[in-house]
2 protein chains.
Amino acid sequence: MRLNDLDERIVHALAEDARRSYADIGAIVGLSAPAVKRRVDRLRAEGAITGFTVRVDPAALGWETEGFIEIYCSRNTSPDAIKQGLARYPEIASASTVTGDADAVVQVFAADMRHFEQVLERIAGEPYVERTKSVLVLSPLLRRYSAEAPPA
Amino acid sequence: MRLNDLDERIVHALAEDARRSYADIGAIVGLSAPAVKRRVDRLRAEGAITGFTVRVDPAALGWETEGFIEIYCSRNTSPDAIKQGLARYPEIASASTVTGDADAVVQVFAADMRHFEQVLERIAGEPYVERTKSVLVLSPLLRRYSAEAPPA
DNA sequence: TTTGAAAAATTAGCTAT
DNA sequence: ATAGCTAATTTTTCAAA
């Protein structure tokens, strides 16, 4: 599935403000409101757009501490084994296997530093994890798209 | 800032579908549409809600290549300067200043490796960037929550 | 908070290109 | 196939009470 330039500009306008009216978006991309709606409907039907969500200040929800944990696994650990192991942690927002020194990078939201440390220790204690290296987020600068898991 | 139960349920309803009407949300939480709007307006004014965005399937948009770019900045670079500089890149999904060796971590979605390389080179050419280190995502394992809407 | 009216947005149907 | 236009319906907004 390929999206054209118009579709991408519509998605970009929605990424900035998902509650913008179709007329507003149309003014930005140069289409009428119904034309924009038709395209958005099509993008949803095709699965390119999977939904609309609210951006929240994590602190307001009590999740003050964000960080990335790099995971170094023991040999012969399959990506699926990592996935199964990490799926149990509600604090994990995203996880990916990566190139470079580490095997996987995990994004974690915790209530506070103590909570973050607990999560870190539990992950470090997983049987397939050899060691970890963590990086704390100081301040979030941009938080634009909300990517969803691809169909498994 | 503490949210009460009603506020949290409104945020939850918006997290599921940010384009829901105020009347719909009211039916869910037990308020009239204007009452819901007043609360949402207040939550935005207070900064608890920072915006509304679209959830996209990166692959469906043709963004097959994902990676993290660690940025090492020259001295005396303010977070705001980084933010301003990076805001112009549509390929950047998120950016944060972090602890550790690097100053910031940027999450990038690109069409392919060539595109990723172009973005990397442009970022590396920014005046405040001294050097970069990039890590490519091999496979996304989990993509659970919006970065700014962690589990509550 | 609720109500009621005005303004705006959404959505469907239709026609044209 | 996809655009614009128009109109019916719904939603939002801003008054009041």
Side-chain angles (χ1 to χ4, degrees), chain A residues 1-57 60-61 143-148 150-151, chain B residues 1-64 90 109 111-112 115 146 148-149 152:
Chain A
M1 175 197 333
R2 274 307 298 145
L3 302 190
N4 62 32
D5 183 58
L6 227 36
D7 291 328
E8 289 197 17
R9 285 159 67 202
I10 289 172
V11 170
H12 196 253
L14 284 169
E16 283 179 356
D17 180 3
R19 283 188 77 92
R20 245 201 270 260
S21 72
Y22 294 128
D24 272 6
I25 299 167
I28 293 168
V29 306
L31 285 179
S32 68
V36 173
K37 185 196 184 303
R38 275 192 289 264
R39 278 174 180 268
V40 172
D41 286 346
R42 199 198 70 229
L43 290 169
R44 294 200 69 163
E46 288 171 346
I49 290 176
T50 58
F52 303 96
T53 193
V54 63
R55 269 200 291 256
V56 175
D57 177 2
L61 291 175
R143 211 86 342 160
R144 216 141 40 173
Y145 301 100
S146 179
E148 283 219 332
Chain B
M1 177 198 329
R2 275 309 298 147
L3 303 188
N4 65 32
D5 184 58
L6 225 38
D7 290 330
E8 288 198 15
R9 285 160 65 202
I10 289 172
V11 169
H12 192 252
L14 284 169
E16 282 179 358
D17 180 3
R19 283 188 78 90
R20 245 199 269 262
S21 74
Y22 293 127
D24 271 7
I25 299 166
I28 293 168
V29 306
L31 285 178
S32 67
V36 173
K37 186 193 185 303
R38 272 193 297 272
R39 279 175 180 267
V40 172
D41 286 347
R42 200 200 67 229
L43 290 168
R44 295 201 67 162
E46 288 172 346
I49 290 176
T50 59
F52 304 96
T53 193
V54 62
R55 267 201 287 261
V56 299
D57 175 4
L61 291 170
W63 299 337
E64 307 274 357
F109 284 94
D112 50 34
H115 184 192
S146 156
E148 275 189 315

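Everything quoted here is computed from the prediction, not taken from an experiment. Worth knowing before you read on, the calculation uses all heavy atoms, side chains too, and leaves out hydrogens, waters and symmetry mates. Order of the sequence lines sets the chain letters (A, B, ...), proteins ahead of strands, with each chain counted from 1.
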Q.
Heavy-atom count check: over 12 atoms from other residues, nucleotides or ligands less than 6.0 Å from B:H115 NE2?
A. yes
Which atoms of nucleotides 3-8 of chain D (N or O only) lie under 3.5 Å from a protein N or O atom, and what are those distances?
| unit_1 | atom_1 | unit_2 | atom_2 | d |
| --- | --- | --- | --- | --- |
| D:dA3 | OP1 | A:R39 | NE | 2.8 |
| D:dA3 | OP1 | A:R39 | NH2 | 2.6 |
| D:dA3 | N7 | A:R38 | NH2 | 3.4 |
| D:dG4 | OP2 | A:S32 | N | 3.0 |
| D:dG4 | OP2 | A:S32 | OG | 2.8 |
| D:dG4 | N7 | A:R38 | NH2 | 2.9 |
| D:dG4 | O6 | A:R38 | NH1 | 3.1 |
| D:dG4 | O6 | A:R38 | NH2 | 3.4 |

Q: Without swapping roles, check the side chain of A:T53 against the backbone of B:A15 for a donor-acceptor pair under 3.5 Å.
A: yes
(Q) Checking side-chain contact (heavy atoms from CB on, under 4.5 Å) between A:V11 and each of A:L6, A:L43, A:I25, A:V40, which is the one that passes? (A) A:L43
Q. Counting only N and O atoms by type, is there a donor-acceptor contact under 3.5 Å from the side chain of A:T50 to the main-chain atoms of B:R55?
A. yes
Q: Starting at atom CZ of B:R20, determine the distance to atom P of D:dT12, rounded to an integer number of angstrom.
A: 12 Å
Q.
Do B:L14 and A:R19 make a side-chain contact, defined as non-hydrogen atoms from C-beta onward lying under 4.5 Å apart?
A. yes
Q. Could you state the CZ-P distance from A:F52 to C:dT10, rounded to the nearest angstrom?
A. 11 Å
Q. Closer than 4.0 Å, any side-chain N/O of A:K37 to the OP1 or OP2 of C:dT10?
A. no
Q: Check A:G47 against B:A60 and note the closest heavy-atom contact, atom names and distance.
A: O-CB, 4.2 Å
Q: Could you tell me whether a side-chain N or O of B:R20 sits under 3.5 Å from a main-chain N or O of B:A13, the two making a donor and an acceptor?
A: yes
(Q) Among A:R44, A:R38, A:R39, A:K37, which residue satisfies the side chain to side chain donor-acceptor pair (under 3.5 Å) criterion with A:D41? (A) A:K37
Q. Nearest-Å distance, CG (A:D24) to C1' (C:dA8)?
A. 11 Å
Q. Can you tell me how far C1' of C:dT2 sits from OH of B:Y22, to the nearest Å?
A. 19 Å
Q) How large an angle, rounded to 10°, do the end axes of the helix from C:dT1-D:dA17 to C:dT17-D:dA1 enclose when each is built from five base pairs? A) 20°
